[in-house]
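Here's the structure, in structure tokens; my notes come after.
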Amino acid sequence: EKGNYRHFMQKEIYEQPEVVGHTLSGYLDPVAGEVRPREGIDFSAASRLLIVGCGTASYAGQIAEYWFEALAGLPVEVDIASEFRYRKPAFMPNDVALFISQSGETADTLEAMRMCKAAGLTTIVLVNSPLSTMAREADIVAPTMAGPEIGVASTKAFTCQLGSLAALAVLAGVQRGRIDAAEQASHVTRLMGIPGLMAQALRIEDQINHLAGELAQASIVLYLGRNEFFPMAMEGALKLKEISYIHAEGYAAGELKHGPIALIEDDVAVIVIAPYDELFTKTRSSIQEVRARGARVIAITDDLGAAALDGEASAIITLPRAEGLAAPLVAAVAVQLLAYYVAVHKGTDVDQPRNLAKSVTVE
Ligand code: M6R
């Protein structure tokens, strides 16, 4: 039931503080300041972590790549399931394979998992549907607790995936001796703060609704970001194209000069995800470059970023300040709301966009 919401997608965006909190509490013990160990999950001797999924789930995996490598020194390879299963991947003896799926029924992800199982790898599935085929067949199930997701565009399942992945990356860091007790406790505190930050982030709704009318007129929307905000840029673009049918692409901000900048003209909008972190000044120069060429630039940042930009962007969406593992979950709220309101302005069928199915059970 949609309750007071206009669409399931809107309801699911608003449910996020609650369901992400619920998911995190399955992974974290805030009293002890520890990530709860999960039976069978042992990254200590892993040579590599393979992460496989489709669409939004693969972007969650790409964000997690930054986390596992930085916090646990664990090499990660992320693949799209449809590519992975046909490219004859070379395995190493201690590879651990993690599959990400909301439905647990996506044909390519399921077949990729079966392939890894047959090759003798430990298979973990991060899954939202506990009774799904993937949940039954994987060696280890890591649950997300988003509850049923009805909107075809994935929102709450994505942020619950990110919450679980963040906890697992900290666990990997602990198991591999990279994170001591004090550091673990501070990550746990930060993770437990995510639902509150997401609830604050939802208050930008009015700012976004205001920008959406104009954005709905853009011929192309480019999303730019660095580090974890690069896959977040791709997720933002996917969300927009799925429900508003505007051509949107996400790029690493540093790639701008290697091609995409050629697209910039007056009716192109550029969304730059630029939290005030150690790469802010680099992302800021991308804002200046595209602005100078006539694009309309919307910066998604925080109060410090907004102050530093001082008129350089055409518009600014100001999120609450979030650090480290929390930052992508907060930014996700902004890209979801933006896509949602643009689609509402265009009058599309938000929950059942054309040509798309909720669960892709054929390849
Ligand atoms: O059920 P899954 O997580 O395996 O689905 C994967 C993709 O089909 C899914 O994320 C798709 O990209 C969504 N429509 C994104 O909004």
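Both ligands and their constituent atoms are indexed starting at 1 by order of listing. We count residues from 1, following the sequence as given. Only heavy atoms go into these numbers, but all of them, side chains included; no hydrogens, no water, no symmetry mates.
Panel note: side chain D29, backbone V31; a donor-acceptor pair is recorded below 3.5 Å.
Atom CG of L279 sits about 5.0 Å away from atom CG of N227, to the nearest 0.5 Å.
For the side chain to side chain donor-acceptor pair (under 3.5 Å) condition, the pairs that include at least one residue of residues 138-167, sequence neighbours left out, are E15-K156, Q16-T159, T123-D139, N128-T144, E149-S154, E149-K358.
Protein residues with any heavy atom under 4.0 Å from ligand 1: C54, G55, T56, A57, S101, Q102, S103, T106, V152, A153, S154, L238, K239, E242.
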Sequence neighbours left out, cut at 3.5 Å: what donor-acceptor pairs do the side chains of residues 324-332 make with other protein atoms?
none

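Through direct or indirect side-chain contacts shorter than 4.5 Å among Ile, Leu, Val, Met, Phe, Trp and Tyr, L224 is connected to I220, L222, Y251, L256, I261, L263, I264, V268, V270, V272, Y276, F280, I287, V290, V297, L304, L309, I316.
Between E312 and R291 there is no salt bridge, since none of the side-chain N atoms of the basic residue sits less than 4.0 Å from a carboxylate O of the acidic one.
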